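Computed from a predicted structure; not experimentally measured.
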Amino acid sequence: WLSLRPGTDAVIALAMANIILNELEIYDVDFIKTRTNGPYLVGPDLLYVREEQTGKPMLWDEKEDKAKVWDDPGIAEETDVALFGNYEVNGVKCQPSFQLLREHLKQYTSEVASEVSTVPAATIRRIATEFAQAARVGSTIEIQGESLPYRPVSAIMFRGGQGHTNSGHTYFAVCLLNVIVGAMDVPGGTIGWPPVSLGYPETGRFVI
């Protein structure tokens, strides 16, 4: 348990994300490429670059070296899409949103987070490192004959962290930790959260 100034959870989570991404360079590449909007191209206006006909967000296919809509069936392997780089689509200079996120996080150092939260910078660095290493990015587990990603870490927040100004942003920051290491709806990670569930198949229940 760490004692922090109430309402400063977000800056600690963002500092942890910065350490994990920019210093430790630990992140689940396949999860980010195939399960998030990390590959979506973003222009100077900080909006997605979209295909004119369909309005769908676009990404960069590294294999064919060109932009495609995110669900283009011509993408042979989803893992071929770019997470980093500078591109130009229809005259618009753009970058993958994951690259912009990584750059944005650099301002949230452990020292900045410590000043805001009162948690020592060394402690923030320690828990960030422990979280990233415990995630075992790249590991798998076999369950009922099926190989699944195994991420035995979870970042989650309830009323205590939510009961403050800008708590929506705080929750996004906390959930970002799960996204980075791919610990969302996989064995060992955060399961069924945010709490939207179709219920156990035999019950016919829908729970929100």
Side-chain angles (χ1 to χ4, degrees), residues 10 13-108 128 131-132 135-140 147-151 153-155 168-169 171-191 193-194 196:
L14 292 171
M16 290 176 63
N18 176 34
I19 292 165
I20 294 169
L21 276 181
N22 290 304
E23 296 182 24
L24 303 176
E25 296 186 347
I26 294 175
Y27 51 94
D28 191 332
V29 175
D30 289 343
F31 180 85
I32 293 167
K33 285 186 175 185
T34 63
R35 297 292 183 267
T36 77
N37 60 356
Y40 288 13
L41 297 173
V42 176
D45 56 2
L46 299 183
L47 298 176
Y48 292 145
V49 175
R50 298 177 181 272
E51 185 184 53
E52 293 182 1
Q53 292 83 358
T54 64
K56 293 180 178 180
M58 304 189 76
L59 43 72
W60 194 266
D61 185 334
E62 292 184 302
K63 199 167 189 178
E64 296 191 25
D65 198 30
K66 66 178 183 180
K68 295 182 178 180
V69 294
W70 71 272
D71 60 350
D72 190 314
I75 299 176
E77 294 289 341
E78 289 180 307
T79 51
D80 287 335
V81 299
L83 290 180
F84 305 103
N86 298 292
Y87 306 99
E88 185 170 328
V89 180
N90 299 327
V92 177
K93 296 184 183 300
C94 50
Q95 297 174 313
S97 63
F98 186 70
Q99 175 169 312
L100 293 175
L101 170 67
R102 194 171 72 163
E103 290 299 313
H104 178 75
L105 287 171
K106 288 181 178 180
Q107 63 188 296
Y108 300 104
F131 184 90
R136 298 175 58 173
V137 174
S139 66
T140 60
S147 180
L148 298 168
Y150 180 52
R151 303 289 178 272
V153 294
S154 178
H169 296 288
Y171 205 89
F172 285 140
V174 172
C175 288
L176 181 61
L177 294 170
N178 295 322
V179 173
I180 290 172
V181 299
M184 299 185 71
D185 287 321
V186 295
T190 305
I191 303 294
W193 191 261
V196 177

With sequence neighbours excluded, give me every salt bridge (Lys or Arg N to Asp or Glu O under 4.0 Å) pair touching residues 47-58.
->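 Residue pairs passing salt bridge (Lys or Arg N to Asp or Glu O under 4.0 Å), neighbours aside: K56-D71.
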
Residue pair [X] / [Y]: nearest heavy atoms and the distance that separates them:
X: P149; Y: P187; answer: O-CD, 3.2 Å
X: L177; Y: A17; answer: CD2-N, 3.8 Å
X: A173; Y: A10; answer: CB-O, 4.0 Å
X: V89; Y: A67; answer: CG2-CB, 3.6 Å
X: G85; Y: P96; answer: O-CD, 3.3 Å
X: S147; Y: T140; answer: OG-CB, 3.6 Å

Out of curiosity, [X] [atom1] to [Y] [atom2], how far, rounded to the nearest 0.5 Å?
X: L47; Y: Y40; atom1: CG; atom2: OH; value: 14.5 Å
X: L41; Y: Q99; atom1: CG; atom2: CD; value: 10.5 Å
X: D72; Y: K66; atom1: CG; atom2: NZ; value: 7.5 Å
X: Y27; Y: L101; atom1: OH; atom2: CG; value: 11.5 Å
X: N18; Y: E23; atom1: CG; atom2: CD; value: 6.0 Å

Starting from the C-alpha separation in whole Å, work towards a yes-or-no answer on side chain to side chain contact (heavy atoms under 4.5 Å, CB included) for M184 and F31.
-> CA-CA 9 Å; M184 299 185 71; F31 180 85; 3.9 Å; yes

For a side-chain contact (heavy atoms from CB on, under 4.5 Å) with L21, tell me which candidate from L105, L176, I26 qualifies.
->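 Option passing the side-chain contact (heavy atoms from CB on, under 4.5 Å) with L21: L105.
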
Ignoring hydrogens and angles, tell me if any N or O in the side chain of [X] forms a donor-acceptor pair with the backbone of [Y] under 3.5 Å.
X: N178; Y: A155; answer: yes
X: S97; Y: N37; answer: yes
X: R151; Y: V181; answer: yes
X: N22; Y: R102; answer: yes

Check whether any side-chain heavy atom of [X] sits under 4.5 Å from a side-chain heavy atom of [Y], and report yes or no.
X: I19; Y: L24; value: yes
X: H104; Y: L100; value: no
X: V92; Y: P44; value: yes

Do the rings of W60 and Y87 sit parallel, tilted or perpendicular, given the 30° and 60° boundaries?
->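 Parallel.
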
Please report the C-alpha distance between L59 and I75 in whole Å, then the side-chain angles of each, then the deciding distance to 0.1 Å, and finally whether the side chain to side chain contact (heavy atoms under 4.5 Å, CB included) criterion is met.
-> CA-CA 10 Å; L59 43 72; I75 299 176; 3.6 Å; yes

Please report the C-alpha distance between V42 and Q95 in whole Å, then the side-chain angles of each, then the deciding distance to 0.1 Å, and finally whether the side chain to side chain contact (heavy atoms under 4.5 Å, CB included) criterion is met.
-> CA-CA 5 Å; V42 176; Q95 297 174 313; 6.0 Å; no

Report, as yes or no, whether the 6.0 Å neighbourhood of atom CZ on F84 holds more than 12 heavy atoms from other residues, nucleotides or ligands.
->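 Result for CZ/F84: enclosed.
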
